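Here is the structure we will look at.
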Amino acid sequence: MAGSNKTNITPPRWLLAELTYACPLQCPYCSNPIDYATYQSELDTEDWKRVLTQARKMGAVQLGFSGGEPLTRKDLPELVKHARDLGYYSNLITSGYGLTEEKIVQLKEAGLDHIQVSIQASSQELNDHIAGTASFQHKKEVAHLVKKHGYPMVLCVVIHRENIHQMPEILAMAEELGADYLELANTQYYGWAHANRDLLLPTKEQFEQAEQIAQAFKEKVAGKMKIYYVVPDFYEDRPKACMNGWGTTFLTIAPDGVALPCHSARELPGLDCPNVKDYSIEQIWNESKAFNFFRGFEWMKEPCSSCDEKEKDFGGCRCQAYLLSGDMYAADPVCSKSPNHSVIQEAIDSAKASALADNEKPLIFRNSKNSRRLS
Ligand code: FES
């Protein structure tokens, strides 16, 4: 395969199995690619089992079943059982839509370790609007069932301008549902969220207020509930260490079998991301062009190459650099040292102007019609 052979490559630890792009919800911040509807094929059960086996053999220990909505795959219990037999710690990342008590029992028996349920807002009206599907009551029932069957209750709420004002109610809802873990994930602006950024990006004041409320709550529930607050990098002056460094820890397999160093990598030009139908996980991880592309530090240019923080943040996110500056080798524009840093302020100003406009354009919901239109 056409990649470079690098030494000192550590094995993948985290495998994200995106089983399908099918999803009954239509969230306008979905991290699936905008053109997801053009990728029709899905790996079959045997392909997935082979991928799980090969990645585990290399050292992967954490496994996330995600999508789309992974519950739409009929073979999910079989894959969970396979993962359990291999010794993975497996996590189902789900909207909860379509999850029944019967399925929870089935997945538990198959050996699933962890279920993370997402909820869009603290009110039925807003949840169902954002999800594009009436799902609020069902999600709350699912949260109770997850707890009833002995799983830790892990709730994830993606935060953006449409729901950030509900922060106190979101926290109260998590408490009422008996959440053990609450992930408050400020929207990351890729894929559909990038397309809807003017409508989703809150102001700095909104962020700061929400963070203060979450922090106070965190202290109040210390020892009872763990809160993870995923910071909004548009209001930081140093970039996140995306993927903990390219090709060091995370391996994502898309529904059609394309192996990705991060969930957005198929949108970067010239990577030639390999497919698990053609290569083993070991070949892909160690030898492929895609996984070696931004491994290490040699690819960097200034200001990253001489930056004394490069081993901490790895130059930030390659996909964000490409989306915001058109140059995937550039420093992540979030960084105040980046020559493209002004695009962040422009994005913030544009979102603010959109919020103040009388006729704000509508959200683009993630569905196959919009996917084909925008592709
Ligand atoms: Fe691709 Fe950050 S999402 S490198």
Side-chain angles (χ1 to χ4, degrees), residues 3 6 9-10 12-18 21 27 29-36 39 64 66-68 93 158 160 183 185-197 200-201 230-236 238-255 258-274 284-285 288-301 304-305 307 309-335 338 340-341 343-344 347 366:
K6 295 201 177 184
I9 297 174
T10 53
R13 292 288 174 205
W14 230 110
L15 172 63
L16 186 67
E18 291 185 335
Y21 284 141
C27 304
Y29 48 73
C30 180
S31 63
N32 287 162
I34 290 275
D35 59 353
Y36 78 88
Y39 302 108
S66 118
I93 301 160
V158 176
H160 45 77
E183 183 173 325
N186 278 290
T187 303
Q188 306 283 316
Y189 292 93
Y190 304 93
W192 294 84
H194 180 70
N196 284 304
R197 193 179 62 200
L200 295 177
L201 183 63
V230 179
V231 293
D233 60 356
F234 271 48
Y235 291 105
E236 298 287 306
R238 284 292 175 273
K240 58 183 177 277
C242 200
M243 299 294 122
N244 194 37
W246 187 273
T248 65
T249 313
F250 291 93
L251 167 63
T252 295
I253 308 295
V258 170
L260 303 166
C262 71
H263 57 276
S264 297
R266 76 190 305 162
E267 295 180 37
L268 296 176
L271 253 58
D272 300 334
C273 292
I284 287 169
W285 185 261
S288 72
K289 178 179 169 186
F291 279 76
N292 281 300
F293 218 91
F294 296 113
R295 215 170 229 154
F297 302 97
E298 290 107 65
W299 58 270
M300 286 182 173
K301 55 187 193 180
C304 297
S305 53
C307 180
E309 294 175 68
K310 71 180 177 191
E311 296 193 19
K312 196 162 93 190
D313 60 34
F314 313 103
C317 174
R318 296 303 85 223
C319 300
Q320 189 149 270
Y322 180 65
L323 267 178
L324 298 181
S325 75
D327 179 359
M328 61 183 181
Y329 299 92
D332 186 332
V334 161
C335 184
S338 160
N340 300 308
H341 187 57
V343 300
I344 299 293
R366 181 259 199 218

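Ligands are counted one by one from 1 in listed order, and the atoms in each one are counted from 1 as well. Predicted model only: the values in this text are computed from it and were never measured.
- Between Met328 and Arg318, the shortest heavy-atom contact is O-NH1, 2.6 Å.
- Within a radius of less than 2.8 Å around atom 2 (Fe) of ligand 1, the protein N, O or S atoms are Cys242 SG, Cys317 SG.
- Of the possible polar contacts, one joining the His341 side chain to the Val334 backbone as a donor-acceptor pair under 3.5 Å is found.
- In this structure, Arg197 forms no cation-pi arrangement with Phe234, as its terminal cationic atom is not both closer than 6.0 Å to the ring centre and no more than 45° off the ring axis.
- Note: Phe294 and Trp299 have perpendicular aromatic rings, judged against thresholds of 30 and 60 degrees for the angle between ring planes.
- Using the six-membered ring where Trp is involved, Phe291 and Trp285 have ring planes that are tilted, between 30° and 60° apart.
- In terms of modelled atom types and a separation under 3.5 Å, the side chain of Thr10 and the main chain of Thr248 share a donor-acceptor contact.
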